[in-house]
Amino acid sequence: MHYWLMKSEPDEVSIDDLAAMPKKTIAWFGVRNYQARNFMRDQMKVGDLAFFYHSSCPAPGIAGIVRVNKAAYPDASQFDGKSPYFDPKATRAAPRWLNVDVTLVKKTRLISLSELRATPELETMRVLQRGNRLSITPVTSQEWKIVERMATRLA
DNA sequence: GCCAACGTTGGC
DNA sequence: GCCAACGTTGGC
C-alpha cells in the first residue's frame, strides 16, 4: 500500500470533472515522463490512495482524494493521432506509456500550495521540493496523515 | 509573460 | 557517453 500525489490541470480534468464522471472514475492518461510512468507501472497497486492536486492554475493545491482502482495498462492516447498526447514512436506491440484508473474517494477543501509550504511537518514532501516537476510523486504515510488531518479542518 | 529548473534530444 | 541546445513544467 502506497500513498501518492497526482497533479492535474483543472482546465483539463478538475476534481469536479472527476466527480461528474460515470462511476467517478477516469483513466489517468497523458503522463509522458518515464519516472512518473514507472511509479505507475512498478509501484501503484489497486487500493493505493492519492491526493488529487490542481496545478498550473490560479489556485494550486490539493483538492481531493482518489483511489487507484485499476493497475497500469497502455494509455490509449499515445496511439491517437489527433490527441496532443500522441506518440509516433509508440506501437500497440510495444506501448511506451501507461495509465492507471482512479476513482474519487472524496473532494476536500482546497489545501493551497502556500498552506502546504507553511506546514513544517511537510517540508519533506516530494512535491514541495525545489525544482520538482514530476506529475506523480510518492507521499509517506506520515505526510498523508498530516494532510488528511488538514483536509478535515477549516482553512 | 517571465523564468528557474529539469528532462530530452541529437551531434560528435 | 558527453553535453549544449532546446522543450516543458508550473508558480508567480
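Residue numbers begin at 1 in each chain, while the letters A, B, ... track the order of the sequences.
In this structure, A:Asp17 contributes its side chain and A:Ser14 its backbone to a donor-acceptor pair below 3.5 Å. The backbone N or O of A:Ala90 sits nowhere less than 3.5 Å from a side-chain atom of A:Gln78 that would complete a donor-acceptor pair. Checking side-chain atoms of A:Gln43 against main-chain N and O of A:Met1 turns up no donor-acceptor pair under 3.5 Å.
Between A:Arg149 and A:Glu121 there is no salt bridge, since no side-chain N of the basic residue sits under 4.0 Å from a carboxylate O of the acidic one.
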Walk along nucleotides 1-6 of chain C from 5' to 3' and tag each nucleotide B, S or - by protein heavy-atom contact under 4.0 Å, base first, then sugar-phosphate.
------
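With rounding to whole Å, A:Trp97 atom CH2 is found 13 Å from B:dG7 atom P.
Residue A:Arg67 places its CZ atom among 12 or fewer non-hydrogen atoms of other residues, nucleotides or ligands, all under 6.0 Å distant.
By the 4.5 Å heavy-atom criterion applied to side chains, A:Leu104 and A:Ile15 are counted as neighbours.
Between A:Trp144 and A:Tyr3, the two ring planes are parallel [angle under 30°; tilted spans 30° to 60°].
Under the rule for a ring pair (Phe, Tyr, Trp, His ring centres under 6.0 Å), the partners of A:Trp4 that lie at least two apart in sequence or sit in another chain are A:His2, A:Phe39.
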Is there any protein nitrogen or oxygen under 3.5 Å from a nitrogen or oxygen in nucleotides 8-12 of chain C, and what are the pairs?
| from | atom 1 | to | atom 2 | distance (Å) |
| --- | --- | --- | --- | --- |
| C:dT8 | O2 | A:Arg133 | NH1 | 3.1 |
| C:dG10 | OP1 | A:Lys7 | NZ | 2.5 |
| C:dG10 | OP1 | A:Arg133 | O | 2.9 |
| C:dG11 | OP1 | A:Tyr53 | OH | 2.9 |
| C:dG11 | OP2 | A:Ser56 | N | 2.9 |

